[in-house]
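A note on names: the letters A, B, ... follow the listed sequences, proteins ahead of strands, and every chain is numbered from 1. Quantities reported herein were computed from a predicted structural model and do not represent experimental measurements.
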Amino acid sequence: MAVEQVEPLACGRDAADVWEHAEAGTLDEHELSCPHCRSAQADHDRLGGLVTRMAAEQLRPPPSVLEQVIGAVVADLRPHELLVLGPDAWLGRPTAEAALRHVVDSMGGLRARHCRIEQRRHSEAGPAPVWVRMTVTARFGVDLASVTARVRQMVVSAGERTIGIPIAGVDIHVEDLWDDAVGAGR
Amino acid sequence: MQATDPAYRAHPGPGPGRLAPARAELDEQTLVARAQDGDVHSFAELARRHQDALIRVAFRVLGQRSDAEDALQDALIDAWRKIGTFRGDAAFSTWMYRIVTNRCTAVMRRNRPTVPLPDDDAPGATLVAGSGSPERAAEVDAELAALSRALADLPGDQRTCWVLRELEGLGYAEISHITGASETAVRGRLHRARTALAERMRAWR
């Protein structure tokens, strides 16, 4: 791997170190007076301003890139991820999960992260009950015991009213806390 | 935001009738979790947040705008397919840089027999022009174009390390994680890139 090493300067100093020191403004006495080190610094100084200008140039992809990505992603969604609503009626699982996350988000002080809906068996009479596993992040200071009980209640009720599938149970895992005062909510 | 953060202060509990936060207000971890569950809108928001950094890397590494846009598009689709494997050991941005860098490496391999001198490396349609007098701006543009050409002539692995360090401001450890090369190798490639570019710019003046 010798080719990966940085060749030392004629004075024995590591050329990459001299460059880094010039960048950080921490050149030592030798580096400031040695002609070999000074030559490395001159290289650094020559590029410095130009590189800063190149780094500051803003580049933006045209909107068509993201549009095409989203088109491909939607086409890539697995069609078998459907919940059975009844005979000849299905609901996309991600859609149902998004609806339940929205319920949690609307409560204030909570944000849904993962939401997984599992429909374990099929039923002849109507939609089989589902089990919901949800991870949430909460604002620091909320009463977690009462708020999670309320989440459970709201999710069960949304299951019946919004997505039309009875919810047999809801597991809630509070995995993180945020504090608006330090801007951690985003 | 972990519960151990010393900056915590007590906050009142949830109020009634709160509106759900817009996706643009959500933190990255929440968006990643939702995208992992298959939520396309959350993934789109992540892509929107990272696309400028990723196109910057792709454009500077590949030198051609059309190649860079293709690499970005393929990288974002890769990211969607692989997002379930993201475990949060590294920052999400590091993970995205790695995916786009891999794409760029594949494009460079494909293009290897003909390494074109980029004609479209000057600031143009997708670049926001700088400020200053027109004469000075033209001079800066010419200098930047010369640097772009010099960059395009570097070996691909050196160019990638240089872009990640000098334009994105990443450290050796992160670049090592992104490129899969050792930190010693990253340091060596970066230094060779720097000296080669300095040499070329000396000749240009």
Side-chain angles (χ1 to χ4, degrees), chain A residues 1 3-6 15-16 19 43-44 46-47 50-51 53-55 57-62 65-66 68-70 72-74 76-77 81 93-94 97-98 101-102 105-116 135 137 139-143 147 176-182 184-186, chain B residues 1-3 5 7-15 18-21 25-27 29-30 33-34 36-40 43-44 47-48 51-52 55-56 59 69 72-73 76-77 80-81 123 126-128 130 140 143-144 147 166-167 182 184-185 187-191 194-195 197-198 201-202:
Chain A
M1 292 294 279
V3 72
E4 303 285 16
Q5 302 289 336
V6 175
W19 193 294
D43 279 351
H44 166 268
R46 185 171 298 114
L47 277 188
L50 197 50
V51 171
R53 286 203 293 273
M54 186 182 261
E57 278 192 329
Q58 292 188 39
L59 281 163
R60 287 210 182 87
V65 172
L66 193 52
Q68 284 173 33
V69 167
I70 299 308
V73 159
V74 168
D76 201 37
L77 283 177
E81 297 202 336
R93 194 177 51 73
E97 289 165 350
R101 279 196 292 259
H102 184 75
D105 287 352
S106 305
M107 291 175 66
L110 284 182
R111 281 172 195 173
R113 282 189 175 169
H114 287 291
C115 174
R116 299 292 290 183
T135 61
T137 170
R139 185 194 292 129
F140 182 75
V142 302
D143 176 350
V147 95
D176 210 347
L177 297 173
W178 90 82
D179 185 354
D180 284 339
V182 292
R186 55 161 303 134
Chain B
M1 168 54 54
Q2 298 299 318
D5 193 297
Y8 273 117
R9 272 181 266 161
H11 201 286
R18 280 275 305 249
L19 287 174
E25 293 168 20
L26 290 175
D27 63 284
Q29 264 180 287
T30 297
R34 294 179 181 198
Q36 286 178 324
D37 283 356
D39 181 39
V40 176
F43 178 76
R48 206 167 287 123
Q51 63 175 354
D52 288 1
I55 194 82
R56 218 161 45 218
F59 178 62
E69 287 170 10
L72 171 65
Q73 190 171 319
L76 289 174
I77 293 170
W80 165 256
R81 292 189 177 145
T126 59
L127 290 177
V128 177
V140 168
E143 242 181 327
L144 282 178
L147 180 62
E166 302 286 51
L167 302 184
S182 69
T184 309
R187 191 169 180 275
R189 287 171 197 178
L190 175 66
H191 187 69
R194 282 169 164 171
T195 48
L197 293 176
M201 293 315 287
R202 195 185 306 155

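With respect to the salt-bridge test (charged N to carboxylate O, under 4.0 angstrom), the residues A:R53 and B:E143 qualify. Contact check on B:D37 versus A:R101 returns a salt bridge, with a Lys/Arg side-chain nitrogen under 4.0 Å from an Asp/Glu carboxylate oxygen.
With contacts defined as side-chain heavy-atom distances shorter than 4.5 Å, the pair A:L50/B:M201 qualifies.
Going from atom CZ of A:R111 over to atom CD of B:E25 covers 7.0 Å, rounded to the nearest 0.5 Å. We find the CD-CG distance between A:Q68 and B:L72 to be 11.0 Å, quoted to the nearest 0.5 Å. Atoms CD and OG1, on B:Q29 and A:T137 in that order, are 8.0 Å from each other to the nearest 0.5 Å. Distance check: A:L59 CG to B:D52 CG gives 8.5 Å after rounding to the nearest 0.5 Å. Atom CZ of B:F59 and atom CD of A:E57 lie 8.0 Å apart (nearest 0.5 Å). Atom CE in A:M54 sits 6.5 Å away from atom CG in B:L167 (nearest 0.5 Å).
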Can A:V73 and B:F43 be said to form a side-chain contact (heavy atoms from CB on, under 4.5 Å), step by step?
CA-CA 9 Å; A:V73 159; B:F43 178 76; 4.2 Å; yes

Between A:V69 and B:W80, does a side-chain contact (heavy atoms from CB on, under 4.5 Å) hold up when you go through it step by step?
CA-CA 9 Å; A:V69 167; B:W80 165 256; over 6 Å; no

side-chain contact (heavy atoms from CB on, under 4.5 Å) between A:L66 and B:Q51, worked out:
CA-CA 8 Å; A:L66 193 52; B:Q51 63 175 354; 4.1 Å; yes

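With chain A as partner, the option from B:I77, B:L76, B:L147, B:L197 having the largest number of non-hydrogen pairs under 4.5 angstrom is B:L147.
In summary, the side chains of A:R113 and B:T30 do present a donor paired with an acceptor at a separation below 3.5 Å, with no hydrogens or angles considered.
For the pair B:A198 and A:L47, the tightest heavy-atom approach, listed with the atom from each and the gap, is N-CD1, 3.8 Å. Residues A:V6 and B:G188 come closest through the heavy atom pair CG2-CA, 3.8 Å. Taking each heavy atom of A:P94 and B:G38 in turn, the nearest pair found is CB-O, 3.9 Å. Annotation for A:P62 and B:E69: closest pair CD-OE2, 3.2 Å, computed over non-hydrogen atoms.
The part of A:A72 that comes within reach of chain B is its side chain, from C-beta onward, which places non-hydrogen atoms under 4.5 angstrom from that chain.
With sequence neighbours left out, the salt bridge (Lys or Arg N to Asp or Glu O under 4.0 Å) criterion links B:R34 to A:D105.
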